[in-house]
Protein chains: 2
Amino acid sequence: MTITIKDIAKAADVSTATVSKVINGKMYVSPATRENVLRIMKELNYVPNASAANLARRSNKTILYADNFYKGAPYKNPHMFDIICGVSHELSRKGYHLSLLNLDSCGKHPKELFEEAILSHSADGIILSGVFATPQIERLMLRYDFPQICIGKPDFDTLLSWIDINNMLSANLAVEHLFSCGSRKIAFMGDHETDKIFMDRLRGFRAAMETVGLEVRDEYIAYNDPDINAIYEAATRILELSDPPDGIICTNGLMAVGTIRAIEVKGLSVPEEIELVAFDDYPYSPAVSVPPTVIDIDLFSLGVQAGNLLLKRVRDPAMLIQTYTALPRILERDTTRTKSKIT
Amino acid sequence: MTITIKDIAKAADVSTATVSKVINGKMYVSPATRENVLRIMKELNYVPNASAANLARRSNKTILYADNFYKGAPYKNPHMFDIICGVSHELSRKGYHLSLLNLDSCGKHPKELFEEAILSHSADGIILSGVFATPQIERLMLRYDFPQICIGKPDFDTLLSWIDINNMLSANLAVEHLFSCGSRKIAFMGDHETDKIFMDRLRGFRAAMETVGLEVRDEYIAYNDPDINAIYEAATRILELSDPPDGIICTNGLMAVGTIRAIEVKGLSVPEEIELVAFDDYPYSPAVSVPPTVIDIDLFSLGVQAGNLLLKRVRDPAMLIQTYTALPRILERDTTRTKSKIT
DNA sequence: CTGAAAGCGCTTACAG
DNA sequence: CTGAAAGCGCTTACAG
């Protein structure tokens, strides 16, 4: 019924070893017999049995992506799935498979799941969300010398590999953009101080403000709950300051929605009287009456790079990867206008 | 180095056959020797080699999820990923793995990728987006008798298995809810007529209106581009009709944003003067100043069911699954108020 | 209730 | 440049 390497060998009148060599294309086979074997494989519609190859070669050509894939996760954090798309893209280009390891759905401790995955030899490497990177997991990975890369820098000094985005850099970009558009009094609409990403952006904001020689005013910084009406009110308060800002950075899209509404209600014109830059194009940009200029972070390409680096690590066990990447870029739309465009 | 079934057999002083039997828990083993083997497995931290087991048992315990995982897909269609989460949840509960088959990233035709997947025996079954279900793919799946289930009913008569949501039913629910809240003149803010989901909802809307004995007025139905300002204007037009509606159904969240803004600007009070129900809680509900009542469709559980049914099909090759599921439910918030609540 | 042995379909030193 | 043969680590009739 199903046809095997033996059938090909027989039909081509060579050994299975030779067929294997042409399948894998590494060892030398004479062009003539290679062509012949290839032709017969095609004729018989032969595809090697993956399990058998995996067993013999001690490698599955599969990478695990470990995270909590809980109900609603894609709504709460679509970015994570864009990363997965990038990983999948890169891996399938390289002939690898991507398998999901759901840390969330069977009551077992992640450590147990990781160890099973490693010991069962069901993958060549693993990509895991940085939030699962604990010293315990670090020990596990290092003990088995299992190729791994964390998405997001673990919050302790570690020998694990990781890749992360540079939030300070993107805040810097926001400030520079507003500055080049003419803003001199820049406000910052932020999340709570417990939000790590926001705090990194705030730090980048402060640093960039100093660089361009602008003052950071306490009354220009708001810490908000994710509540649209509260955001609206906070923005209104800032706009009604006796000396109001002429530029605003919003740490996420929801902030931008509330802030833009406040600006409209106050009757200020955008971008003439006040300019605005927000982080995250998704999801709110289409729902805002004046399309906001936005700092977009390419998480797909973060995924591509994570996949690429992990594959390198699979080949070179000595490699340690710890890097910031995923450069931000400005999508200029209607809430800012660059002066003096260089064309 | 890595420890195998032989090591366990030796340590437990039994044959590898016996160890295998306790691992798989199917054939009979005396309680005493079972306990002993189990204990030793634990002691030696033994996990069976998955590739070897796969080869011997001719089954990988893995299911493929095939779709285009292109850059930005999770923003454009987060629902698909919620389905994947549901599938992953169900499969990992049942000891199966979920592997992504990216149809988008290597220039090969999907048919080729499917055939390779089948012939390489790298999975026990496949879940694929219904848009890839063509007669050609149908022939392929049926020829190899490969367990499959499409997410979304294929648009031709087919022997493929599929699972889909019932958009007519959810529209029905929207109408019934508005009716029970007192609305009698109901408008419908829709997508273009080319949108299949919208057209199903519109059909359900018409049917439900007839059932409750209300008239469907042409001027109450708008076909919109996904442009927030255009939606706002269309909604305004409808609200300014000489005989305006007292209830509105929005076929998606963006429609709701634009419509609610139009309602606010016209100074109508919600839900007193006009009520509104929208489809899709995500992503816009948090960005609207008055939280909309919404029809939520549980796609995670659609995924759970898809996984569950496919696994049944893997066991019973004769099974054909064709079913509507993923029942919609109302999340009542501030844009409607149910009269006569039964408490 | 348990084990010897064949087999799953490949890959890879090794010898020639 | 090619092939014989061992081996990867399990599972599963089959016999006892």
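Order of the sequence lines fixes the chain letters, A, B, ..., with proteins taken first and strands second; residue numbering starts at 1 for each chain. The figures that follow rest on heavy atoms only: side chains count, while hydrogens, waters and symmetry mates do not. These numbers were taken from a predicted model, which means no experiment stands behind them.
Separation of the H89(A) and F69(B) ring centroids does not fall under the 6.0 Å cut-off.
R39(B) has a carboxylate O that lies under 4.0 Å from a charged side-chain N of E43(B), or vice versa, which qualifies the two as a salt bridge.
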Secondary structure of DNA chain C in dot-bracket form (Watson-Crick or G-U wobble, distances below 3.5 Å, | marking inter-strand pairs)
|||.||||||||.|||
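Of the options I23(A), T2(A), V37(A), I40(A), a side chain to side chain contact (heavy atoms under 4.5 Å, CB included) to Y46(A) is made by I23(A) and by none of the others. Each of I149(B), I321(B), N308(B), D124(B) was checked for a side chain to side chain contact (heavy atoms under 4.5 Å, CB included) with R313(B), and the lone residue meeting it is I321(B).
For G307(A) against E90(A), the heavy-atom pair with the smallest separation is C-CG, 4.1 Å. Pairing each heavy atom of Y282(B) with each of P78(B), the nearest pair is CE2-CG, 3.6 Å.
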Protein heavy-atom contacts under 4.0 Å, written 5' to 3' over nucleotides 9-16 of chain C as B (base), S (sugar-phosphate only) or - (none), form the string BBBB----
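Remark: K6(B) engages no residue in a salt bridge (charged side-chain N to carboxylate O under 4.0 Å, His left out) (not counting sequence neighbours).
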